[in-house]
Amino acid sequence: MSNTHSWRKSSYSPNAANCVYVRNNRDGTLNLRESDAPETTLATTPATFGGFIRAAKAGTLDGLATRTAASD
């Protein structure tokens, strides 16, 4: 049996305390969860998740939390 549907964490995460886990689903979508709240999951597509990762690496999202908090 394949490990495709198992939760995986980044090799950059040294422990399970502050990690984001990802899982491939049979329908082609992805689920994401945080180690602090594993019962809460986010569903997305590989294309959308890839776009998020590219934006994060490019710095496009830098300061987003600060801008959001200031606008509340």
Side-chain angles (χ1 to χ4, degrees):
M1 178 158 185
S2 169
N3 239 358
T4 304
H5 308 293
S6 299
W7 289 104
R8 295 173 294 174
K9 72 175 179 114
S10 171
S11 60
Y12 292 99
S13 298
N15 59 44
N18 296 309
C19 302
V20 173
Y21 290 81
V22 65
R23 173 178 71 184
N24 294 347
N25 295 311
R26 295 182 199 283
D27 65 1
T29 61
L30 300 174
N31 283 119
L32 301 154
R33 72 177 187 191
E34 183 184 0
S35 57
D36 292 346
E39 66 284 349
T40 303
T41 61
L42 172 70
T44 189
T45 64
T48 299
F49 187 55
F52 172 79
I53 297 298
R54 285 188 297 280
K57 286 181 175 181
T60 305
L61 307 175
D62 292 356
L64 181 62
T66 305
R67 289 192 301 267
T68 301
S71 66
D72 287 345

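The first residue of the sequence shown is numbered 1, and numbering continues consecutively from there.
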Legend entry - Main-chain N/O of Asp27 paired with Asn25 side-chain donor or acceptor, under 3.5 Å: no
Inset, instruction - State which residues pass side chain to side chain contact (heavy atoms under 4.5 Å, CB included) with Ala37; sequence neighbours excluded, sorted by chain then number. - result: Glu39, Thr40
Inset, instruction - Would you please name every residue forming a side chain to side chain contact (heavy atoms under 4.5 Å, CB included) with Leu32, sequence neighbours left out? - result: Val20, Val22, Leu42, Thr44, Phe49
Legend entry - Spacing of CD1 belonging to Ile53 relative to CG belonging to Leu61, to within rounding of 0.5 Å: 9.5 Å
Legend entry - From Asn31 atom CG to Arg23 atom CZ, the distance as rounded to the nearest 0.5 Å: 4.5 Å
Inset, instruction - Compare every heavy atom of Cys19 with every heavy atom of Lys9, then report the nearest pair and how far apart it is. - result: CD-SG, 3.9 Å
Legend entry - Shortest non-hydrogen contact from Pro46 toward Gly28: CD-O, 3.2 Å
Inset, instruction - May I have all residue pairs that pass side-chain hydrogen bond (donor to acceptor under 3.5 Å, both in side chains) and include part of residues 47-59, sequence neighbours excluded? - result: Thr45-Thr48
